[in-house]
Amino acid sequence: MRALVWHGKGDVRCDTVPDPIIEDPRDIIVKITSTAICGSDLHLYDHYMPAMEKGDILGHEPMGEVVEVGSAITKFQKGDRVVVPFTICCGECFFCKKELWSCCDRTNRDKEKAEKLMGHAPAGLYGYSHLTGHYPGGQAEYLRVPYADVSPFKVENDSLADEQVLFLSDIFPTGYMAAENAEIEPGDTVAVWGCGPVGQFCIQSAWMLGAGRVIAIDRVPERLEMARKHGRAETINFEKSDATVYERIQEMTDGRGADRCIDAVGAEAHATGSFDALLDKTKASVFLATDRAHVLREAIWCCRKGGTISVPGVYIGFTDKIPFGAFMNKGLTMKTGQTHMKRYTHKLLAKIDSGEIDPSFVITHNRALEEGPELYKKFRDKEDGCIKVVLKP
């Protein structure tokens, strides 16, 4: 089969690799009909995420048709149309029973490596390094889906296009959980840093959960326009503003600050000319730090006293110069984590099914799998108005 394969920093190729096979009675094999490039895939592309190895198959936002079924699977049969969430869950461990699905204790096949970096290992993830189980990803013609009786789900409504349901594999539930973690109360002002695909769904979800205002912060005009047009957000372009983001939010909130702040950027934050951002970039370039934490610092600064910070943006290792004194003295709460996908997929599928939301609005590029390597670069470099890429094997 053909698949997008990691060969090193900035080097993704469309290679011919062996087809997956059933390895366990709880497996299914899915013929991929649509798959996407996620913003967090860029952490792999730029090699910020450690433990990548040459030959790793990328991708964690797939859907398709079931073509083989393990002997223990009764939930699916050949021909079923399924979405495959990015987290791999056993359904039986301490954490799965608490519905902390992304913390599953059994599915990370490289548990020891992750424990050395994090203290404890998260769940296995598709196509996301040897810290999360080295599972082949879904940017491919076929995908082996282990523990298929737990997270994957069937799309019963044949009138829904792939593009409408594909993002239930990751970014729509991720944005929704981020908004839920922000503990939004009716009428709250919610500030969202990052208007990439996850940020767009944070904005949509903030409205669903009762926000009174949403302020979106970014530097890419196309992403800010999408936040305005589809997300009804007030926007701040931090490259074009004469004031700092803090000053603008203070002005917009009469000096109180945003009630809820969402960092949908994570480890690769950019900022124009700020000292801390330049320091982050310099330290990362000489391997003294892994993450550029400008957005996290700014969110702490901009959040009102007693407010909440939600972090769906991916962080990888160690951050520096976090204003923890401000965090503590302002009485802030922070909630983070990989998405507990199984909590949200059916709830959000119902919203799509009813017409409340059509997630396909984020797609800017719908292309063949073979164009994947070129599109990784376009997405990373913010070229050609590229916000969200869907690939067709």
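All values below come from the heavy atoms of this structure, side chains included, with hydrogens, waters and symmetry mates left out.
Taking the side chain as every heavy atom from C-beta outward, Ile171 and Lys388 approach each other to under 4.5 Å. Considering only heavy atoms from C-beta on, Leu349 comes within 4.5 Å of Leu168 through its side chain. Looking only at side-chain heavy atoms (C-beta outward), Lys335 and Glu183 come within less than 4.5 Å of each other. Residues Val66 and Gln77 fail the side-chain proximity criterion, which asks for heavy atoms closer than 4.5 Å. Within the 4.5 Å cutoff, no side-chain heavy atoms of Thr107 are placed close to those of Pro146. Between Pro359 and Ile352, some side-chain heavy-atom pair lies under the 4.5 Å cut-off. Ile73 has its side chain out of reach of Pro25: every pair of non-hydrogen atoms, C-beta onward, lies at least 4.5 Å apart. No side-chain heavy atom of Arg256 sits under 4.5 Å from any side-chain heavy atom of Lys305.
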Worksheet item: Given the rule in the salt bridge (Lys or Arg N to Asp or Glu O under 4.0 Å) test, do Lys97 and Glu92 qualify, once you have shown the distances and angles that lead to the verdict?
Response: CA-CA 6 Å; Lys97 287 178 179 177; Glu92 299 163 346; over 6 Å; no
Item to complete: Report the C-alpha separation of Tyr128 and Cys38 in whole Å, then their side-chain angles, then the decisive distance to 0.1 Å, and conclude whether the side-chain contact (heavy atoms from CB on, under 4.5 Å) test is met.
Response: CA-CA 11 Å; Tyr128 214 74; Cys38 181; over 6 Å; no
Worksheet item: Should Lys75 and Asp149 be marked as a salt bridge (Lys or Arg N to Asp or Glu O under 4.0 Å) after you check the CA-CA gap, both sets of side-chain angles, and the distance that decides it?
Response: CA-CA 6 Å; Lys75 182 179 176 181; Asp149 51 344; over 6 Å; no
Discussion item. Quick one, Thr235 with Arg223, criterion side-chain contact (heavy atoms from CB on, under 4.5 Å). Give me CA distance, side-chain angles, the key distance, then yes/no.
Written reply: CA-CA 10 Å; Thr235 60; Arg223 303 202 309 192; over 6 Å; no
Item to complete: Could you walk me through whether Lys116 and Glu112 pass salt bridge (Lys or Arg N to Asp or Glu O under 4.0 Å), step by step?
Response: CA-CA 6 Å; Lys116 287 179 182 177; Glu112 295 78 13; over 6 Å; no
Practice prompt. Please assess Ile236 against Ile249 for the test side-chain contact (heavy atoms from CB on, under 4.5 Å), listing each intermediate value before the final yes or no.
Written response: CA-CA 9 Å; Ile236 298 172; Ile249 290 179; 4.0 Å; yes
Item to complete: Test side-chain contact (heavy atoms from CB on, under 4.5 Å) on Leu131 and Leu117 and set out the steps.
Response: CA-CA 9 Å; Leu131 290 177; Leu117 184 65; 3.7 Å; yes
Discussion item. Between Arg380 and Asp46, is the salt bridge (Lys or Arg N to Asp or Glu O under 4.0 Å) condition met? List the steps.
Written reply: CA-CA 9 Å; Arg380 192 271 310 274; Asp46 290 328; 2.7 Å; yes
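Salt bridge present: Glu185 and Arg260 bring a charged side-chain N and a carboxylate O closer than 4.0 Å. The pair Asp105-Lys111 meets the salt-bridge criterion, since a charged nitrogen lies less than 4.0 angstrom from a carboxylate oxygen. One finds no salt bridge joining Lys351 and Asp353 here, because no Lys/Arg side-chain nitrogen approaches an Asp/Glu carboxylate oxygen to under 4.0 Å.
Figure legend: Arg232 and Trp207 shown as a cation-pi pair, the cationic atom lying under 6.0 angstrom from the six-membered ring centre and within 45 degrees of its axis.
Residues Tyr176 and Val311 do not share a hydrophobic cluster, clusters being chains of Ile/Leu/Val/Met/Phe/Trp/Tyr side chains in contact below 4.5 Å. Leu42 and Val314 end up in the same hydrophobic cluster when Ile, Leu, Val, Met, Phe, Trp and Tyr side chains are linked at under 4.5 Å. Note on Ile309: it clusters hydrophobically with Ile322, by side-chain heavy-atom contacts below 4.5 Å among ILVMFWY residues. Residues Leu160 and Leu348 share a hydrophobic cluster, clusters being chains of Ile/Leu/Val/Met/Phe/Trp/Tyr side chains in contact below 4.5 Å. Hydrophobic clustering of Ile, Leu, Val, Met, Phe, Trp and Tyr side chains at less than 4.5 Å, counting indirect connections, keeps Ile217 apart from Val190.
Enclosure of atom NZ in Lys392 by more than 12 non-hydrogen atoms of other residues, nucleotides or ligands within 6.0 angstrom is indicated. Residue Lys31 qualifies as open at atom NZ: its count of foreign heavy atoms under 6.0 Å is 12 or below.
Aromatic ring centroids of Phe361 and Phe201 lie under 6.0 Å apart. In this structure, His60 has its ring center no closer than 6.0 Å to that of Tyr126. A ring-centre distance under 6.0 Å is not found for Tyr376 and Phe379.
Taking CE of Met334 as the reference point, atom CG of Asp263 lies at 8.5 Å (rounded to 0.5 Å). Here the straight-line distance linking atom OG1 of Thr132 with atom CZ of Phe86 works out to 10.0 Å at 0.5 Å rounding. Between the CZ atom in Phe167 and the CD atom in Glu61 there is a gap of 7.0 Å [rounded to 0.5 Å]. Distance CG/Leu209 to CD/Glu180: 7.0 Å, rounded to 0.5 Å. Between the SG atom of Cys303 and the CG atom of Leu332 there is a distance of 5.0 Å, given to the nearest 0.5 Å. Within the model, atoms CG of Asp218 and CD of Glu225 stand 12.5 Å from one another, a figure rounded to the nearest 0.5 Å.
The nearest pair of heavy atoms linking Val69 to Phe76 is CG1-O, 3.8 Å. In this structure, Cys96 and Cys89 approach most closely via the heavy-atom pair SG-CB, 4.0 Å. Smallest separation of non-hydrogen atoms from Ala140 and Met1: CB-CE, 3.9 Å. Here the shortest heavy-atom pairing between Ile22 and Gly70 reads CD1-N, 3.9 Å. Pairing each heavy atom of Thr33 with each of Pro393, the nearest pair is O-CD, 3.9 Å. The minimum heavy-atom distance linking Ile262 with Ala179 is given by the pair CD1-CA, 4.1 Å.
A tilted orientation is assigned to the rings of Phe153 and His346, their planes being inclined by 30° to 60°.
In summary, the side chains of His130 and Asp56 do present a donor paired with an acceptor at a separation below 3.5 Å, with no hydrogens or angles considered. Judged by distance alone, the side chains of Thr16 and Arg2 do bring a donor and an acceptor atom under 3.5 Å apart. With hydrogens and angles left out, the side-chain atoms of Asp291 and Thr319 include no donor and acceptor closer than 3.5 Å. Using modelled atom types and a 3.5 Å distance limit, the side chains of Thr35 and Gln139 yield no donor-acceptor pair. Using a 3.5 Å distance cut-off with no hydrogens or angles, the side chains of Asp162 and Ser34 do pair a donor with an acceptor.
When each of Glu65, Met63, Lys154, Glu156 is tested with Arg81 by the rule side chain to side chain contact (heavy atoms under 4.5 Å, CB included), just one qualifies, namely Met63.
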